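Quick caveat, the model's predicted, so the values are computed rather than measured. Proteins get letters first, then strands, A, B, ... in listed order; numbering begins at 1 in each.
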2 protein chains.
Amino acid sequence: MQRPVPLAQNSLLDALPTGDHAFLAPHLIQVELERGRLLYDPGDAIDHVYFPHDGVISLMTLMENGAAIESSTIGPEGALGLMAAVAPRQSLSRAIVQTPLRAARIGAERLHEAWERSPALRDLVDRHGEALYGHAIQSVACNALHSVEARFCRWLLTCHDRISTDTIALTQEFLADMLGVQRTTVTAVARSLQDKGLIRYRRGVVDIMDRAGLQALACECYGVIRNHYHRLLGT
Amino acid sequence: MQRPVPLAQNSLLDALPTGDHAFLAPHLIQVELERGRLLYDPGDAIDHVYFPHDGVISLMTLMENGAAIESSTIGPEGALGLMAAVAPRQSLSRAIVQTPLRAARIGAERLHEAWERSPALRDLVDRHGEALYGHAIQSVACNALHSVEARFCRWLLTCHDRISTDTIALTQEFLADMLGVQRTTVTAVARSLQDKGLIRYRRGVVDIMDRAGLQALACECYGVIRNHYHRLLGT
DNA sequence: GCCGCACTGTCGAGTACGCGACACTCAAGC
DNA sequence: GCTTGAGTGTCGCGTACTCGACAGTGCGGC
């Protein structure tokens, strides 16, 4: 499989001029986090900001009854908790590691200091917030208007863009949670996609076989969200 | 009917210290806009920012096929296009006037100048963006998980909070668009709510009869979103 | 007064998905 | 090897909502 774009380091960090990057560099720590790791729950103070290099973090809206549904995702083109660069903040979402993650982490206070000194960083934080908002409002529409199959395909593509293999470790149960549907529905859709030759799956693992085919079935939201990031962050 | 909170002028403007408010005041123009007026479409440059005094603006995500669905609303507790205070921006949503609107309007450039001089305004812009984001991600979950009836009730309550009467001018067709469902579904739900004595409606008009009853049927999202605004903007 | 239209009411068929139950199977651990 | 449990397959029923069609009805304009 040919990937659409090669994976770089984190796009936000790469976009910073060298001088500004130097404000951050001494405080960035490389971390590796396992799948399923909980980073934030709603109300948690944001004490660290994560810049993924490879892998995906899910942002999920948590309901009173414990149901959680994905509102957006954070990959190498973005950062988790970036709004805390401006001022101390609480997380609004649950943030969990969706695929094994390599990321650079920095303390929120250190980042804030850099933010005060770097106009380029301020601009980036601002644009990133806008892109994330665009991601969220597209998901609003998507959840209301599009079929589970279309959303399933969009999800696979978005995830595939952000990791370095064609194999995604992922149970149907987990995906059902993300999409906010029943597991049995996911099973049926996965079956149908496999029959069409677009994916192959076995216990807890999905292989992407035909990206173009998935794109044909995915809703427009996939492209729209990509474009937001492109336009606002120039990745 | 007793309203939960008395309507003030725009909360954001009120929250500014007098000195900072003075930066804006010379450039604020009072406008009255009729229902249905289109303020922005996706991609439009944001040249004016609106601070509602009374009435509601809907932000809608527009799909390729022309379908549009509400992602959030702007009332006297917020502002439309506020992110343009930071830097020139394009609208991501369609913004239309949902109920007859009185608002203060200011040119984006004037606002940006004030933003550069006023730390209080910068803080407010920032918090407002966060609240709007919280609104959006709650809507993501709501659209995926909650019934049309619950969302209908939430919508009525949110609208009611932001206007000064118990009567809302509103066709079922319009509401169906906002919620992203069929008109016939809205008709059925409206009928059921009227039978329960919670609302009364006639051609293009809905009267709120029993707020508490509506709250009982509305989903938790109503309260969650209110709390976001409360916590972040102290309204 | 009448016309035309926007808004609402209703009906029926079709479907996507929820929800619960249960059986099967692979993988890891002992 | 066997056990255990997590993950998957499947079935069936119920229901919320879609989709299209058409018939009423109040309101504004002429």
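- Distance from the side chain of B:Val181 is smallest to D:dC17 among D:dC19, D:dT8, D:dC17.
- Taking side-chain N and O atoms only, A:Gln172 has a distance below 4.0 Å to OP1 or OP2 of D:dG9.
- The CZ atom of B:Arg35 sits 12 Å away from the C1' atom of C:dA6 (whole-angstrom rounding).
- A salt bridge links A:Asp161 with A:Arg211: at least one charged nitrogen is closer than 4.0 Å to a carboxylate oxygen.
- Judged by distance alone, the side chain of A:Asp166 and the main-chain N or O of A:Ile208 form no donor-acceptor pair under 3.5 Å.
- The residue B:Thr171 sits close only to the backbone: its heavy atoms come under 4.0 Å of sugar-phosphate atoms, none of a base.
- Scanning atom types as modelled, one donor and one acceptor separated by under 3.5 angstrom connect the side chain of B:Arg203 and the base of D:dT25.
- The NE2-P distance, from A:His146 to D:dT18, rounds to 14 Å in whole Å.
- A:Arg151 has its CZ atom 14 Å from the P atom of C:dA16, to the nearest Å.
- Enclosure of atom CZ in A:Arg200 is not indicated, since only 12 or fewer non-hydrogen atoms of other residues, nucleotides or ligands lie within 6.0 angstrom.
- Note on A:Thr184: every side-chain N or O is 4.0 Å or more away from OP1 and OP2 of D:dT10.
- Put simply, CG on B:Leu179 is 13 Å from C1' on D:dC17, counting in whole angstrom units.
- One cannot find a donor-acceptor pair under 3.5 Å joining the base of C:dG20 and the side-chain atoms of A:Arg183.
- Between B:Val56 and B:Thr158 the shortest side-chain heavy-atom distance does not fall below 4.5 Å.
- Residue B:Arg202 contributes atom CZ, which lies 16 Å from atom C1' of C:dA6 at whole-angstrom precision.
- Regarding B:Ile69, its CD1 atom lies at a distance of 10 Å from the P atom of D:dT18, rounded to whole Å.
- Rounded to an integer number of Å, the gap from CD of B:Gln182 to C1' of D:dC22 is 15 Å.
- At D:dG26, none of the side-chain N or O atoms of B:Tyr201 fall inside 4.0 Å of OP1 or OP2 (strictly under the cut-off).
- For the residue pair A:Asp47 / A:Tyr40, a side-chain donor-acceptor distance below 3.5 Å is found, with atom types taken as modelled.
- Residue B:Glu173 contributes atom CD, which lies 10 Å from atom C1' of C:dT8 at whole-angstrom precision.
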